[in-house]
Amino acid sequence: MSARTRTFRVLIAAALWLSGSVLYAQQVEVKVLGDYPGLQDNAEAFIGEVEGRSEQRLRRYVPTAVRQVTDALRALGYYQPTIEWEMLPTELPKVRLTVTPGAPVHIRSVSVTINGPARNDPTFLPVLPEKPAVGDVLNHGHYDALRQTIRNRALRLGYFDGDFSSHRLTVDPEQRVADMELAFDSGERYRLGEVRFTGDTEIGLPLLRQFVTISPGEPYHADKVATLNGDLSNSGYFREVLVDANPAEADDFVIPVKVRLSIRQPRSVSAGVGFSTDVGPRFRGTWREHWINEMGHRRGAETELSVPRQSLSTWYELPLDPPMTDLIRLSAGYQREHIEDVESERLTLGQQWQHELDNGWLQILSMRWEGERFRIGDDPSTTSSLFLPGAGYSKLRADTALDPSRGYRLQFDVTGSHRAALSDADILHVSVLLKGLITLADKHRFLGRFQFGGVATNSFDDVPPSLRFFAGGDQSVRGYGYETLSPEDSDGSLVGGRYLLVGSLEYQYELFERWRAAVFYDRGNAIDNPFDPLANGVGMGVRWVSPVGPLRFDIAKGLDPEFGGEWRVHFSMGPEL
């Protein structure tokens with residue numbers, strides 16, 4: 001076959017494809033007069049795609065199209081539209097429907113009556129949805145949503161036999177008014193029975209019972225069942241959790257709760273390679289034994305390797321009651337670090353008791369011993385031995401875990417040592433972290449961050465670098481190197497500060513789904529006096545919400561050259577709260 005013949009066949013095929021595209025283009029056009037984007041969209045949705053019709057068939061279709069547009073307008077409260085049609089003088093047969101909506105129907109009354117036990121249940125219907133409301137333009141979707149809200153709430157609270165004895169939407173097109181009337185008979189509220197565990201599990205029944213927050217005989221609530229499922233799934237012990245509370249199996253309105261468990265493999269090993277501009281490339285490895293015995297004890301080891309930092313740690317964990325939040329952790333670790341002018345080696349032995357308070361705060365009481373050998377600048381090496389009891393309080397509230405749109409984090413930590421208690425120095429160490437996030441109009445995100453730290457001591461020279469403060473870097477003041485903001489000694493070596501003050505404001509705008517642009521302003525420093533000058537940094541960046549969390553790429557300018565401010569690229573990942 002010659003090249004000319006092949007070209008001719010390609011052109012013929014393209015012409016046929018284009019003619020087919022024209023032949024099957026949309027043949028009904030709807031034009032709603034006035035500013036009614038909702039009506040326009042609804043009318044086009046009701047019409048759908050009308051393609052491949054001759055002029056004669058298209059004319060026969062016009063009454064159907066008019067009826068569809070009429071139904072579309074009625075759904076949004078316009079019962080007396082004027083609809084005119086014309087056949088357009090185009091190569092492909094096409095009809096245009098011109099719609100004048102007319103005056104809408106308004107809601108005159110909304111009556112909702114709850115009968116049965118739910119009538120006196122304060123959790124059933126504390127408030128009605130904002131829509132529909134008296135005076136609003138009638139929207140059939142709002143009426144259907146109100147019915148579904150009542151039905152969903154009944155199912156969520158265990159009124160499984162509930163149904164509407166009356167549901168009427170009365171429309172008077174001439175008077176342009178509508179009346180809504182709903183009467184719901186709830187029937188008896190079902191109750192939750194005893195929780196029974198089955199399946200393949202090495203976890204003992206006493207520990208499993210500690211996950212249960214359901215009291216036999218208490219009123220059914222879907223959240224109770226979901227919480228039990230979530231707590232068991234998030235415990236880390238199980239490969240699969242199935243919680244079944246089927247009302248069809250109820251006896252005298254009491255539903256048995258069946259939990260089927262499949263134990264996970266006892267051990268897992270993971271490894272990963274990452275990068276940040278603070279520490280460069282890094283390797284992280286983790287070994288975990290998810291359950292050791294029927295009491296749910298577990299242990300693990302972790303290592304992290306990067307150019308400035310190498311660490312190895314191990315831990316042993318004992319769940320308490322309730323195991324979802326409370327535990328005791330024993331740990332030991334070694335870390336070697338060389339950042340800027342500071343070299344240190346630290347050995348740590350410690351214990352933590354974690355407990356969630358009734359007010360939602362997470363409390364961690366700890367005791368640890370730290371032995372550290374360090375060298376700052378050209379000074380000779382020094383060693384320190386500290387016994388450090390401490391307390392930490394934190395609270396995290398977010399609408400979602402991976403990529404929240406609003407929420408906050410509050411964290412307060414205090415630890416200290418005394419020469420009279422197995423320590424080389426008297427130290428009181430305090431740190432505070434506050435973060436907040438709010439989203440407006442779905443696209444505009446505002447983040448705030450504030451950090452404060454302080455060290456009280458009668459001999460700052462005896463405080464090891466791990467308890468001093470340094471600023472600068474991806475998670476601190478951008479536009480400056482990692483931990484390069486710090487007081488200096490007489491030789492110009494960075495020695496760490498008594499105080500830390502860092503604040504940040506950031507605005508993000510969603511460009512596309514999972515992609516955001518950001519601008520920010522950071523201010524802070526590690527200082528010896530609260531009134532010492534602070535460094536400033538500004539910049540812009542891009543955020544991508546990956547399946548494992550947000551990735552951040554920033555270009556920042558440090559505004560204070562005397563502190564080492566310059567143009568810097570920052571790359572990091574992790575939660576924003």
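Along the sequence shown, residues carry numbers from 1.
At least one side-chain heavy atom of Trp369 sits less than 4.5 Å from a side-chain heavy atom of Leu347. Residues Val32 and Val69 fail the side-chain proximity criterion, which asks for heavy atoms closer than 4.5 Å. Residues Val241 and Leu261 are in side-chain contact: their nearest non-hydrogen atoms beyond the backbone lie under 4.5 Å apart. A heavy-atom distance below 4.5 Å is found between the side chains of Glu304 and Arg282. Side chains of Tyr237 and Pro319 form a contact here, defined as non-hydrogen atoms less than 4.5 Å apart. In this structure the side chain of Pro132 reaches within 4.5 angstrom of the side chain of Leu146, judged on heavy atoms. In this structure, Leu365 and His355 have side chains that are not in contact, with every pair of non-hydrogen atoms separated by 4.5 Å or more. Side-chain contact between Arg543 and Arg445: absent, with no pair of heavy atoms (C-beta onward) separated by less than 4.5 Å.
Here the side chain of Asp278 pairs no donor or acceptor atom with the backbone of Tyr482 at under 3.5 angstrom. Formation of a donor-acceptor pair under 3.5 Å by the Arg264 side chain with backbone atoms of Gly236 is found in this model. Checked by atom type and distance alone, the side chain of Arg284 never pairs as donor or acceptor with a backbone atom of Ser270 at under 3.5 Å. Of the possible polar contacts, none joining the Ser394 side chain to the Leu410 backbone as a donor-acceptor pair under 3.5 Å is found. Between the side chain of Gln40 and the backbone N or O of Val30, at least one donor-acceptor pair lies under 3.5 Å. Using a distance-only test at 3.5 Å, with no hydrogens or angles considered, a donor-acceptor pair links the side chain of Gln26 to the main chain of Gly48. In terms of modelled atom types and a separation under 3.5 Å, the side chain of Asn229 and the main chain of Leu232 share no donor-acceptor contact. Side chain of Asn234 to backbone of Gly230: a donor-acceptor contact under 3.5 angstrom is found. Side-chain atoms of Thr400 do not come within 3.5 Å of backbone N or O of Leu402 as any donor-acceptor pair. For Ser186 (side chain) and Asn115 (main-chain N/O), a donor-acceptor pair under 3.5 Å exists by modelled atom type.
Under the side-chain contact (heavy atoms from CB on, under 4.5 Å) criterion, Ala332 pairs with Thr314, Leu349, sequence neighbours left out. Every salt bridge (Lys or Arg N to Asp or Glu O under 4.0 Å) that Arg151 has, sequence neighbours left out, goes to Asp163. With sequence neighbours excluded, no residue satisfies side-chain hydrogen bond (donor to acceptor under 3.5 Å, both in side chains) with Asp321. Evaluation of the side-chain contact (heavy atoms from CB on, under 4.5 Å) rule for Arg329 yields Trp315, Glu317, Leu327, Gln352 as partners, not counting sequence neighbours. Annotation: side-chain hydrogen bond (donor to acceptor under 3.5 Å, both in side chains) contacts of Asp144 (sequence neighbours excluded): none. Every side-chain contact (heavy atoms from CB on, under 4.5 Å) that Glu356 has, sequence neighbours left out, goes to Thr325, Asp326, Leu362. Contacts of Thr415 classified as side-chain contact (heavy atoms from CB on, under 4.5 Å), with partners at least two apart in sequence or in another chain: Arg368, Leu388, His429.
Within the structure, every pair that satisfies the salt bridge (charged side-chain N to carboxylate O under 4.0 Å, His left out) test and touches residues 190-203, not counting sequence neighbours, is listed here: Glu194-Arg196, Glu194-Arg209. Residue pairs meeting the ring-ring contact (aromatic ring centres under 6.0 Å, His included) criterion with at least one partner in residues 261-292, sequence neighbours excluded, are absent. Here ring-ring contact (aromatic ring centres under 6.0 Å, His included) pairs that include residues 141-173, with residues two or more places apart or in two chains, are Phe124-Tyr159, Phe160-Tyr190, Phe160-Tyr220, Phe164-Phe184. Among residues at least two apart or in separate chains, salt bridge (charged side-chain N to carboxylate O under 4.0 Å, His left out) pairs with a member in residues 245-259 are Glu249-Lys258.
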Exercise for the section: Walk me through it: do Arg168 and Asp179 pass the test salt bridge (charged side-chain N to carboxylate O under 4.0 Å, His left out)? Expected result: CA-CA 8 Å; Arg168 285 196 294 268; Asp179 299 301; over 6 Å; no

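Within a 6.0 Å sphere centred on CG of Asn359, heavy atoms belonging to other residues, nucleotides or ligands number more than 12. Residue Gln148 places its CD atom among more than 12 non-hydrogen atoms of other residues, nucleotides or ligands, all under 6.0 Å distant.
For the pair Leu73 and Ala43, the tightest heavy-atom approach, listed with the atom from each and the gap, is CD1-CB, 4.4 Å. Scanning all heavy atoms of the two residues, the minimum distance from Leu138 to Ala178 falls at CD2-CB, 4.1 Å.
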Please table the atom pairs, donor to acceptor, closer than 3.5 Å between any side-chain atom in residues 434-443 and protein atoms at least two apart or in another chain.
from	atom 1	to	atom 2	distance (Å)
Thr439	OG1	Ser405	O	2.4

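Salt-bridge annotation for Arg516 and Glu506: absent, with no side-chain N of the basic residue lying under 4.0 Å from a carboxylate O of the acidic one.
Here Arg552 contributes atom CZ and Asp474 contributes atom CG; the two are 8.5 Å apart, rounded to the nearest 0.5 Å. Interatomic distance, Tyr334 OH to Gln310 CD, rounded to the nearest 0.5 Å: 8.0 Å. Distance check, rounded to the nearest 0.5 Å: OG of Ser504 to CG of Leu447 gives 8.0 Å.
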